Undergrad: 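Once you've had a glance at the structure underneath, I'll fire off some questions.
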Amino acid sequence: MLQKRYDKTIEEKWQKYWAGNSIYNFDENDTEKEIYSIDTPPPFTSGELHMGHVLSYSFFDFAARYKRMKGYNVYYPQGWDTQGFPTEVRVEKKYGRLPPVQFREKCIEWTRDMIERMKSQMNEMGFSPDWRYEYRTMDPEYHRKVQLSLVRMYNDKLIYMDKYPVYWSPELGSAVAKAELEDMEKDGTIWDIRFTGPEGEDLIIATTRPEMLHACGAVLYHPDDERYSHLQGKTIKTPFGDEVKAIADKEVDKEFGSGLVMVCTFGDKMDVVWMHRHRLPLKQVIDYHGKMINSGEINGLKVEEAKKKIIEILGERVVASKPLKQMIKIHDRSQKPVELLPSLQWFADIKTTGKRIKELAHQIKWVPDFGISYLIDWVEGAEWDWVISRQRVFGTPLPFYVCECGKTAPAEESELPFYPENAKEKKCECGNAMKAETSTCDCWVDSSISPLIIAGWPDEEKMKRFYPASLRPQGVEIVRTWAFYTIYRSGVALTGRAPFETILLNGNVLAPDGKKMSKSIGNIISPAELLKEYPVDAIRQWAAMSGAMAKDRPFSYEDIKYSKSFLTKVWNATKFVEGLGNAEKTGLTMIDRWIIGRLNTTIKDVSRAMDAYEYHKAISRIQSFFWGEFCDYYVEYVKHRVYEEKDPTRNAALYTLNRVILNTMKIIAPIAPHMAEEIHSIYSTESIHKQKWPEAGEEYPEDVEKVAELNIIVSQLRQYKSNNKMAQNAQLEKVTITTPEKIDPELLNELSRISKITEIENNEGELKVTVG
RNA sequence: GGGCCCGUAGUCGAUCGGUUAAGACGUUCGCCUUACACGCGAAAGAUGCGCGGUUCGAUUCCGCGCGGGCCCACCA
């Protein structure tokens, strides 16, 4: 017997049962069934699942559960993206500064803890990965494979070390990738500063970065700018007396400031371009901690302090200052400004491989299809190679050796996993000893081989079975990182084949007001809080209702409330049917055939929606069928039959009621697995998640059409009773119904019992219902 | 500046060229009708952003405009 109300205790019960009974195990030995594999996103191990996780993870959990029922051998591993700056920050806060090896140990310990927390939250959400295939990017075995991939890429000349200006975060003390940057609007100041021209005349230059004056390598003007054409080939003096060349360049904006621009190494990205174009000297004035160097009196000051100080020093050479809204680059995780600094870093070649990346991207099915444009745009806009090295501790060590002479060498495959503190001695061709590289990898280097990791790379036999993955689900905001780097590394660089067949993109969950959820606004909705008030299956339905489009959507309390009501509705309907009992299939009435026809159409529609990853369509189809057709009409229609023990059609009704419920549970099982399992347990001792997805059978178009007409008539009679303040079960003496064709006698008889009519007159004509 | 997405009742949203434009939330009215008041029945509420075009016919297709959103580039 089902308990009175559907609640959390039921969900907990089944979660325990599933965990103890290996319901979701991938079958290694089964070579018959087609494999459906999911390259799931390894979440960063922050310790907390957020709504974005819930949305995205629900989608591929739906896919996994659906495909299992469709007869696939579903391979659904789950990993963890463990290494990163946020963990270092938190561990350092807790334990202080430690030597690298111990520090790493503490990070691992910390991360293990975070994983346990997140794992239990994932189990609470009813997600169904096969935990036997869990992986962590911090594991030595994972390191080994990342390093192996890098060594191979190095040998293929895709990885190199070079001195190049890179975005550098003084906060992190590390290079950061272009993809990790965000723009931030800042209220800045632009100063007009007096330089001295060749004739001793004043030249005004506008700048937002006066602290970089010592790095000034040239002053540029537009070739068509008559005000400055006389500067051609001349020398200009900076306020500090440094002599720099005046150069014409067509990318200078005549309208901005005075039309003169000073090039510093490096105030912004344009400076990098100009420096290379005009072969200007490189003068570094900011060090890796964000402090001034090579700048006389302001040495040692931080950038912001240096700015104030230099304005003081310049005194009357500053002729004006104006406020200016400017966009500066900040690092996405630390939210602190980055600088462009020349530095020795490791790069992966993405410029010459761009064409191949696009080719493989085109071989993948993108859902929704426009998602690919994010990647194509990104590839086409790529201006320099991917900086893969980070100056961090908790990360995968780069498996390389570096010599002072500038030569580099990869670690031997046999010495992997490679850790610099245990590295072998290695001699350079030049005769000197090489040093083990101590930088670590960008986290995307780790996660961009997830399809290889789950496919058992480099084992050829396993790769044949598991590569490419069937599905890559991920957030649309990381197309230009995770999807891009994965297609590049797993695809172009290491296998030559697209790493997954389909990529499913989901958007972000916004706060109910449509704004980004953020701690500072305090509009965050957390899964943990929702779980206090809503059953898991309601939250999962909310996810389904939010749609799989790569579109941001505000969180909707309406949707989740509706989901909860729907669970209650199903629960009550099922309890009602359970109380009546079940029966074998016997002579079905038209009404029975109608609802079975509708059920089958629903199964067909839902299957199609599930195949297309359109969970929004799937769930709303189920909801409207079950609530709007089955409960509101069919159940009401058969009440008179099931209340009457001797009614000859009673068993047909019981059969039909149970059939609809059982099949509805099967098609909702991927989305609401707990409720479906509980209700299924009335019928079977086996798990519903081990059942076959129902086939859409007979759709009885004739009966469906006739009963649809009947529904309209019933609805009109309900309306009549409502308008006349009558109870719905009030008896009507006489009703005249005009229909285009005469109503089937069987239905006419049904109608008199359903709507409680003593006498019905049925005429042919335009549809009309009259009482009295 | 470039690319992509979008503009349908108070709100959220279906429709993939064809009679009175789903549904949900909210609002209003009536009902504790032997599954469910976490419910049932009913009502009101939309010139489908604007202007052109294609078509026998457009909310749906195309163009332009206006208005949102996201991404990229630029920002001295």
Side-chain angles (χ1 to χ4, degrees), chain A residues 2 4-6 178 183 185 188 190-191 193 205-210 212 216 219-221 251-253 256-264 267-271 273-274 324-329 368-383 476-477 479-480 507-508 510 512 514 538 545-547 549-554 556-559 561-580 616-617 620-621 623-624 627-628 631-632 635-636 639 642-643 657 714-730 756:
Chain A
L2 296 180
K4 189 150 196 313
R5 291 221 179 275
Y6 180 77
K178 213 177 127 197
D183 290 328
E185 196 179 59
I190 185 159
W191 288 273
I193 294 173
I205 288 176
T207 180
T208 56
R209 304 215 58 178
M212 297 197 79
C216 179
V219 168
L220 270 49
Y221 60 93
E251 280 192 70
V252 175
D253 183 351
F256 194 95
S258 60
L260 285 176
V261 51
M262 69 168 183
V263 180
C264 303
D268 61 40
K269 216 190 87 188
M270 208 52 222
D271 286 343
V273 174
W274 280 326
L324 179 77
K325 287 232 187 271
Q326 56 178 347
M327 287 304 215
I328 57 165
K329 296 275 183 210
D369 56 5
F370 62 81
I372 194 173
S373 61
Y374 292 110
L375 183 118
I376 301 295
D377 286 356
W378 180 248
V379 176
E380 288 176 352
E383 282 172 16
V476 68
E477 75 283 2
V479 165
R480 66 175 209 249
N508 277 314
L510 305 175
M545 290 166 82
S546 292
M549 292 291 285
K551 222 171 111 179
D552 290 353
R553 253 193 76 133
S556 161
Y557 278 106
E558 285 77 28
D559 283 357
K561 278 183 196 153
Y562 182 78
S563 303
K564 191 180 169 182
S565 313
F566 183 67
L567 293 177
T568 307
K569 187 72 188 178
V570 173
W571 195 252
N572 287 323
T574 307
K575 277 196 344 179
F576 173 61
V577 173
E578 187 193 23
L580 297 168
H616 170 80
K617 270 190 196 163
S620 51
R621 196 65 193 78
Q623 289 166 343
S624 67
W627 200 328
C631 290
D632 289 350
V635 173
E636 295 303 322
K639 274 182 177 169
V642 297
Y643 286 148
L657 286 165
V714 169
S715 175
Q716 293 198 4
L717 288 164
R718 283 172 175 173
Q719 195 175 331
Y720 173 84
K721 289 180 179 177
S722 179
N723 290 345
N724 290 281
K725 310 208 180 222
M726 294 166 79
Q728 287 300 324
N729 61 351
K756 311 239 173 196

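Computed from a predicted structure; not experimentally measured.
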Undergrad: Is A/S624 touching bases, backbone alone, or none of the nucleic acid, heavy atoms closer than 4.0 Å?
TA: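 Here A/S624 touches no strand at all.
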Undergrad: Strictly by Watson-Crick or wobble contacts shorter than 3.5 Å, is anything paired with B/rG30, and which nucleotide is it?
TA: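 Its partner is B/rC40 (Watson-Crick or G-U wobble, both distances under 3.5 Å).
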Undergrad: Classify the nucleic acid contact of A/T574 as base, sugar-phosphate or nothing, counting any heavy atom under 4.0 Å across all strands shown.
TA: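 No contact.
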Undergrad: Would you kindly compare A/V252 and A/Q719 by the position of their nearest RNA chain B nucleotide and give the one closer to the 5′ end?
TA: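 It is A/Q719 whose nearest nucleotide is closer to the 5' end.
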Undergrad: Please give the nucleotide sitting opposite B/rA58 as a Watson-Crick or G-U wobble pair, both distances under 3.5 Å, or none.
TA: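 Base-paired to nothing in any strand shown.
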Undergrad: Can you name the side chain to side chain donor-acceptor pair (under 3.5 Å) partners of A/E251, sequence neighbours left out?
TA: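 Applying side chain to side chain donor-acceptor pair (under 3.5 Å) to A/E251 gives A/R277.
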Undergrad: Does B/rU20 have a Watson-Crick or wobble partner in any strand here, with both distances under 3.5 angstrom, and which is it?
TA: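 Pairing partner, where one exists within any strand: none, as none qualifies.
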Undergrad: Identify whether any heavy atom of A/D271 sits under 4.0 Å from a base atom; if not, whether one sits that close to sugar-phosphate; answer base, sugar-phosphate or nothing.
TA: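 Nothing: the residue A/D271, judged by heavy atoms under 4.0 Å, touches no strand.
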Undergrad: For nucleotides B/rG18 and B/rC29, find the distance between their P atoms and express it as a whole number of Å.
TA: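 Straight-line distance between the two P atoms is 39 Å.
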Undergrad: Nearest nucleotide by nearest heavy atom, which residue falls closer to the 5' end of RNA chain B, A/S373 or A/R5?
TA: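 That would be A/S373.
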Undergrad: May I ask you to decide whether A/D559 forms a salt bridge with A/R553, counting only side-chain N to carboxylate O separations under 4.0 Å?
TA: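 A salt bridge is present here (some side-chain N lies under 4.0 Å from a carboxylate O).
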Undergrad: Mind checking who B/rC64 pairs with, Watson-Crick or G-U wobble, both distances under 3.5 Å?
TA: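 Across all strands, the one nucleotide that pairs with B/rC64 is B/rG50.
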Undergrad: Please work out if A/K269 contacts a base, only the sugar-phosphate, or nothing of the nucleic acid, heavy-atom cut-off 4.0 Å.
TA: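 Sugar-phosphate contact only - A/K269 comes under 4.0 Å of backbone atoms but never of a base.
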Undergrad: Determine the contact category for A/S556: base if any of its heavy atoms lies under 4.0 Å from a base atom, sugar-phosphate if only primed atoms, P, OP1 or OP2 are that close, otherwise nothing.
TA: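 The answer is nothing, as A/S556 stays clear of every strand by at least 4.0 Å.
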Undergrad: Applying side-chain contact (heavy atoms from CB on, under 4.5 Å) to A/T574 and A/Y6, what does each step give before you reach the verdict?
TA: CA-CA 11 Å; A/T574 307; A/Y6 180 77; over 6 Å; no
Undergrad: How would you label the contact of A/F370 with the nucleic acid (heavy atoms, under 4.0 Å): base, sugar-phosphate, or nothing?
TA: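 Sugar-phosphate, backbone atoms only, no base.
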Undergrad: Between B/rU15 and B/rG26, how many Å separate the two C1' atoms, rounded to a whole number?
TA: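 Those two atoms are separated by 23 Å.
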Undergrad: Write down the partner of B/rG1 under the Watson-Crick or G-U wobble criteria, each distance required to be under 3.5 Å.
TA: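 B/rC72 - that is the nucleotide pairing with B/rG1, both distances being under 3.5 Å.
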Undergrad: Measure from the side-chain N and O atoms of A/N724 to the backbone N and O of A/M726, and report whether any donor-acceptor pair falls under 3.5 Å.
TA: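 Checked: no pair found.
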Undergrad: Can you check whether A/Q728 reaches A/K756 side chain to side chain, under 4.5 Å on heavy atoms?
TA: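 They are not in side-chain contact.
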Undergrad: Using atom P of each nucleotide, how far apart are B/rA14 and B/rC6 to the nearest Å?
TA: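 Those two atoms are separated by 10 Å.
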Undergrad: Taking the side chain as every heavy atom from C-beta outward, state whether A/M545 and A/Q623 have any pair of such atoms under 4.5 Å apart.
TA: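 Yes, close enough: below the 4.5 Å cut-off.
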Undergrad: Going 5' to 3' on RNA chain B, which nucleotide is the first and which the last to come under 4.0 Å of a heavy atom in chain A?
TA: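 Nucleotide range with atoms under 4.0 Å of chain A: B/rG3 to B/rA76.
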Undergrad: Counting the atoms with a prime plus P, OP1 and OP2 as sugar-phosphate, which does A/D632 contact under 4.0 Å by heavy atoms, base, sugar-phosphate, or nothing?
TA: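 Sugar-phosphate: the residue A/D632, judged by heavy atoms under 4.0 Å, touches backbone atoms but no base.
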Undergrad: Mind checking the C1' distance from B/rU8 to B/rA22? Whole angstroms is fine.
TA: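 To the nearest whole Å, 12 Å.
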Undergrad: Looking at every strand, decide which applies to A/W627 at a 4.0 Å heavy-atom threshold: base, sugar-phosphate, or nothing.
TA: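 Sugar-phosphate, backbone atoms only, no base.
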Undergrad: For A/W571 and A/L2, what are the C-alpha separation, side-chain angles and deciding distance, and is it a side-chain contact (heavy atoms from CB on, under 4.5 Å)?
TA: CA-CA 8 Å; A/W571 195 252; A/L2 296 180; 3.8 Å; yes
Undergrad: At 4.0 Å (heavy atoms only), tell me whether A/A206 reaches a base, stays on the sugar-phosphate, or touches nothing.
TA: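 Sugar-phosphate contact only.
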Undergrad: Mind checking if A/C264 touches a base, just sugar-phosphate, or nothing, with heavy atoms under 4.0 Å?
TA: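 A/C264: no heavy atom of the nucleic acid under 4.0 Å.
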Undergrad: On a whole-Å scale, what distance lies between the P atoms belonging to B/rG3 and B/rG65?
TA: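 Per the computed distance, 12 Å lies between those P atoms.
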Undergrad: Please give the distance between the P atoms of B/rC38 and B/rC25 as a whole number of Å.
TA: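 Between the two P atoms, the distance is 14 Å.
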Undergrad: Could you tell me whether the side chain of A/D552 and the main chain of A/N508 form a donor-acceptor pair under 3.5 Å?
TA: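 Checking the backbone N and O of A/N508 against the side chain of A/D552, a donor-acceptor pair under 3.5 Å is found.
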Undergrad: Taking atom P in both B/rG41 and B/rC36, compute the distance separating them and give it to the nearest angstrom.
TA: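 Pairwise P distance, B/rG41 against B/rC36, rounds to 14 Å.
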Undergrad: Under 4.0 Å between any heavy atoms, over every strand shown, what does A/K569 touch: base, sugar-phosphate, or nothing? Just pick one.
TA: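 Counting heavy atoms under 4.0 Å across all strands, the contact made by A/K569 includes a base.
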Undergrad: Suppose you measure atom C1' in B/rA21 against the same atom in B/rG45; what distance do you get, rounded to whole Å?
TA: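 Nearest-Å result for B/rA21 against B/rG45 at atom C1': 14 Å.
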Undergrad: Classify the angle between the aromatic ring planes of A/Y643 and A/F576 as parallel (below 30°), tilted (30 to 60°) or perpendicular (above 60°).
TA: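 Ring orientation of A/Y643 relative to A/F576: perpendicular.
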Undergrad: Base, sugar-phosphate alone, or nothing: which one does A/E578 contact when heavy atoms must sit under 4.0 Å apart?
TA: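 No contact at all - A/E578 keeps every heavy atom at 4.0 Å or more from the nucleic acid.
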